[in-house]
Amino acid sequence: MRTTRTVPARPVLIVTLALATAGSLLLAPGAAGADPKPVTREGAAVDDFAAEAPASAARRALAAPEETSTPTVTRGYPRRQILSPDPVNPGDKSLKLGLTPYHAIAPKLNALQRLGDRVSVEVTGRSAGGHRLYLVTVTAPETTRQALAQERMRELIENAPATAAKSPEIARGYKAPVFVNSNIHGNEWEGTDASLKIVEQLATAKDAKTRDLLAHSRLYFNITANPDGRIAGTRANANGFDLNRDFVTASQPETRAMRQIELDKQPAVLLDLHGYVNGTLIEPTTPPHGENYEYDLFLKNTYANALRMESAVNALGYTPAKDGVEPAQIPFRDQEEGWDDWPPIFTPQYAAFHGTVAAHTVEIPLAVNNEEYDELSVRELRRRSAVNTAVAGAAIRATLGHVREHRTSLVADQIEVFRRGAAGAPQVPVSPRTVPGVPGIGPEDVYTTTFPRAYVIPPGDSRGRRSAPAAARLVDHLLANDVRVTRATRPFRLAGRTYPEGSYVVDLHQPKRGMANVLLADGRDISGKVSVMYDISGWSLGRLWGATVEQVPSGSLRGAPLRPVTEAAPVAHTATDGDLRLRLTDPREIAALNSLLKQGVPVRQGPDGSAIVPASARREAAAAARTHDVSFTATRLTGGTPLHRLRVAAAVTPGELFALREMNFDVTPVSTAVLNAGFDWSGSDVLFVSAGLDRSALTAPARRALDAFLDDHGLVGRGATGAALNAAADRLAVTPVEGNTDANGVVRTENTGRVTHDAPAHAFVYAPLWFTGLGPDVRVEQSYATGNPLVSGHWRPLRDGTGGPAAAAGQASVVSGGRTVLFGTEPLFRDHPKGEFPQVARALFTVAHGGSVEESG
């Protein structure tokens, strides 16, 4: 848990709202002020434990999406289906809290569908652990014709917003979409139970306000976004991923299911129900605010609904003395910093780029997870869970009331978001004039950007100047995020430059320009804006995913030979004559190599670091090319070191373990505990260490076994934990220097070694590390660039002036020697910086095959 510094609160706006009639579902309780205090977020930003996720969970996440029950043809509501029950699981962690266990959800949803004609259920996918993901829709019945009309209006809003803004049909008849997302952190349970209660009430309520709400809205409830974590009582899913950090990368099936809900349903309003902050924390957030938003529209609507939720929560009557519940708080109003909406990795912040104009994280108050779950009595846990369920329910009811009363303006503002993007209109900076009624707006809240005219992504080539697999992956990822991409049918000129046929062009005059720019732009160095950031502050796909991405600041696309694409052009190719060369500069290429090695294909490492496959294995290479969408070109190079299948023992973070499996490595997770229990090293070729392995905490037999392994095998280390093992094992003669552990972002680098050959000139860092005092046999593979290496993110010096980017400039960030490679960067962070993955693969192959990096190949 990271806590912000105590700061003066912003002015508190006192608002009085009238009470609705008692007995109606849509109550609007009276107001109360917030208790200013520093805000906190639960969960360490950097994993420091060794991942143990099963390989099966990674296989599910990496596999093609399975068929779901989402209808392929629009039809009316209700859309009933009978869900088969799950086996009863007495170990479900929800049971201790008196909450709904996962195995009871399907029967509950079956019962809710039987209550009338308002409730529909669909399965949107399966979790990494194999559990079904349920989306419940609550709305007034619709015929097929009415449902088709709603879909037509939804598409008009996004695709022709200027027309939609003038449409009487939309103003009169479009049902405002509302998305309630629950339990994205598995051990923050109560949003699920509150949603189930609300759905039950909506299914049967007869009052006029409920009927009016359902006649003019569609309400979507993602009942549990993280069933794996709900069952196990963990924040993460079965792969160890915090799903509320995964939206930029979308590596996990649960995240992709939520993304698809955003795309298909296009919610104007979103609630993401979390825990636990006392008093209940209700967004909007403190600065820094995402610079790619239409933040004036977002703040206007999010703040107005926050006031309503605050009133509803406080009106429940809980008090600090009687219940241990503090008054609700709104960070934008009550705090200076510490609860930002800068990165688009959180659900509400990501949703804003798909037209959601009121989006909130809601943190319910009373902790029932972690140590509280283990130490408090069952009675106290259930009391707290009941309070939390009531608070979450009050937030949902207040939001539904706000939507009922402000449907027209919410939809109009969503249309305006898309209109500005399509027209290339300027953003509107927030101010007391542009966002009247929101208190305390100051210059610290103004974040805007200059959108370029377009981005061009060249298609790649076989000579190594560009990565074709990386370009294809990036294009497909943009399309999956509903970013529009075109492709050149012949060479063309733009802003004075000529681009080749096949180049991809992302025109920033499109409805979701914010989504396009937040993914592709460099981002910004915000080190001078706030004292500390809770989570990542830089994430550029343009710099970190391995493709060439060129920003075109201005110019006209009129007359350019561009056609829209729905998927990237396939890269797969296998030369028909001679030996074959496979570049190893992309994770797909590494995965293809590993697939060949697992089949026993004799592969050698070429002098340029590529893989040389004999002509006799052309059939196997062609199959690998198709499976992994890579290219095997003809070569006259003769291979050097024979490569063999690697068995990697890995004490690494969940993101790193997943990335290794994505590259098709054979990985066995290890940790201090695993080694102390007695580990058979005979099944491993190389050790990769970044988290959860402390040599000093090993038993004497475990330490001897580890040292014996390292006497004859290679070591790849990352970060402080990897550097500590290197020192303890007396491997590389280096002095690791830790930078500010709060620092993170995209940095410029200089690549000088074989491990980093053809790597991007940028890297990602979190708690950056560098190496000094290099011994005579240590080779510098990569260095932080001179000057200020930080491109985007947050990296300040420590109070004594050390640990900042100036101290790191020019210093070694990746070093090698003998059978050891050490990383001070984060090349596999959360499965994100795809262009850096091959550095780790090259390091593993190098140290596993004997000799130094300089000698290999």
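Keep in mind that this is a model prediction, so the values were computed, not measured.
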Between [atom1] of [X] and [atom2] of [Y], what distance do you get to the nearest 0.5 Å?
X: Trp339; Y: Asp334; atom1: CH2; atom2: CG; answer: 13.0 Å
X: Asn305; Y: Lys300; atom1: CG; atom2: NZ; answer: 13.0 Å
X: Asp445; Y: Asp296; atom1: CG; atom2: CG; answer: 12.5 Å
X: Asn159; Y: Gln510; atom1: CG; atom2: CD; answer: 11.0 Å
X: Gln414; Y: Thr356; atom1: CD; atom2: OG1; answer: 6.5 Å
X: His762; Y: Asn751; atom1: NE2; atom2: CG; answer: 10.5 Å

Taking the side chain as every heavy atom from C-beta outward, state whether [X] and [Y] have any pair of such atoms under 4.5 Å apart.
X: Glu294; Y: Gln427; answer: yes
X: Asn788; Y: Asp525; answer: yes
X: Ser690; Y: Phe823; answer: no
X: Leu557; Y: Leu494; answer: yes
X: Pro348; Y: Thr361; answer: yes
X: Ile457; Y: Leu478; answer: yes
X: Met258; Y: Tyr350; answer: no
X: Val765; Y: Tyr784; answer: yes

Any salt bridge between [X] and [Y], counting N to O under 4.0 Å?
X: Asp507; Y: Arg484; result: no
X: Arg259; Y: Glu262; result: no
X: Asp340; Y: Lys529; result: no

Shortest non-hydrogen separation from [X] to [Y] and the atoms involved:
X: Tyr447; Y: Glu444; result: CE1-O, 3.2 Å
X: Gly514; Y: Phe353; result: C-CD2, 3.5 Å
X: Ala51; Y: Leu657; result: CB-CD2, 3.7 Å
X: Phe837; Y: Pro587; result: CD2-CB, 3.7 Å
X: Ala454; Y: Val505; result: CB-CG1, 4.3 Å
X: Ala472; Y: Arg588; result: CB-NH1, 4.2 Å

Side chain to side chain contact (heavy atoms under 4.5 Å, CB included) assessment of His289 paired with Leu299: CA-CA 10 Å; His289 309 298; Leu299 178 59; over 6 Å; no
[X] side chain to [Y] side chain, donor-acceptor N/O pair below 3.5 angstrom:
X: Ser251; Y: Asp246; answer: yes
X: His354; Y: Asp482; answer: no
X: Asn292; Y: Thr449; answer: no
X: Asp758; Y: Thr585; answer: no
X: Gln782; Y: Ser813; answer: yes
X: Thr302; Y: Glu283; answer: no
X: Gln252; Y: Thr255; answer: no
X: Asn226; Y: His185; answer: no

So, Trp342 versus His794, ring centres under 6.0 angstrom or not?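 No, ring centres 6.0 Å or more apart.
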Given Asp341 and Tyr295, is the side chain to side chain contact (heavy atoms under 4.5 Å, CB included) satisfied, shown in steps? CA-CA 11 Å; Asp341 58 9; Tyr295 193 64; 3.7 Å; yes
The criterion is salt bridge (Lys or Arg N to Asp or Glu O under 4.0 Å); which residues satisfy it with Glu291, sequence neighbours excluded?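 With neighbours one apart ignored, the set is Arg524.
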For Arg661, what residues pass the salt bridge (Lys or Arg N to Asp or Glu O under 4.0 Å) criterion, not counting sequence neighbours?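 None.
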Quick check: does any side chain N or O of [X] sit under 3.5 Å from a backbone N or O of [Y], one acting as donor and the other as acceptor?
X: Arg842; Y: Leu584; result: yes
X: Glu656; Y: Arg718; result: no
X: Asn237; Y: Asn239; result: yes
X: Asp742; Y: Met533; result: no
X: Glu337; Y: Val530; result: no
X: Ser792; Y: Asp522; result: yes
X: Ser527; Y: Trp795; result: yes
X: Thr756; Y: Ala759; result: no
X: Arg256; Y: Ala250; result: yes
X: Arg796; Y: Gly803; result: no

Between Phe771 and Leu822, does the side chain to side chain contact (heavy atoms under 4.5 Å, CB included) criterion hold? Intermediate values first, please. CA-CA 9 Å; Phe771 304 96; Leu822 299 178; 3.7 Å; yes
Test side chain to side chain contact (heavy atoms under 4.5 Å, CB included) applied to Asn244 and His274, step by step: CA-CA 10 Å; Asn244 203 41; His274 287 254; 3.5 Å; yes
Fit a plane to each ring of Tyr293 and Phe298, take the angle between them on a 0 to 90° scale, and name the class: parallel (under 30°), tilted (30 to 60°) or perpendicular (over 60°).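 Parallel, since the angle between the ring planes stays under 30°.
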For Gln551, is the CD atom crowded, meaning more than 12 foreign heavy atoms sit under 6.0 Å from it?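 Enclosed.
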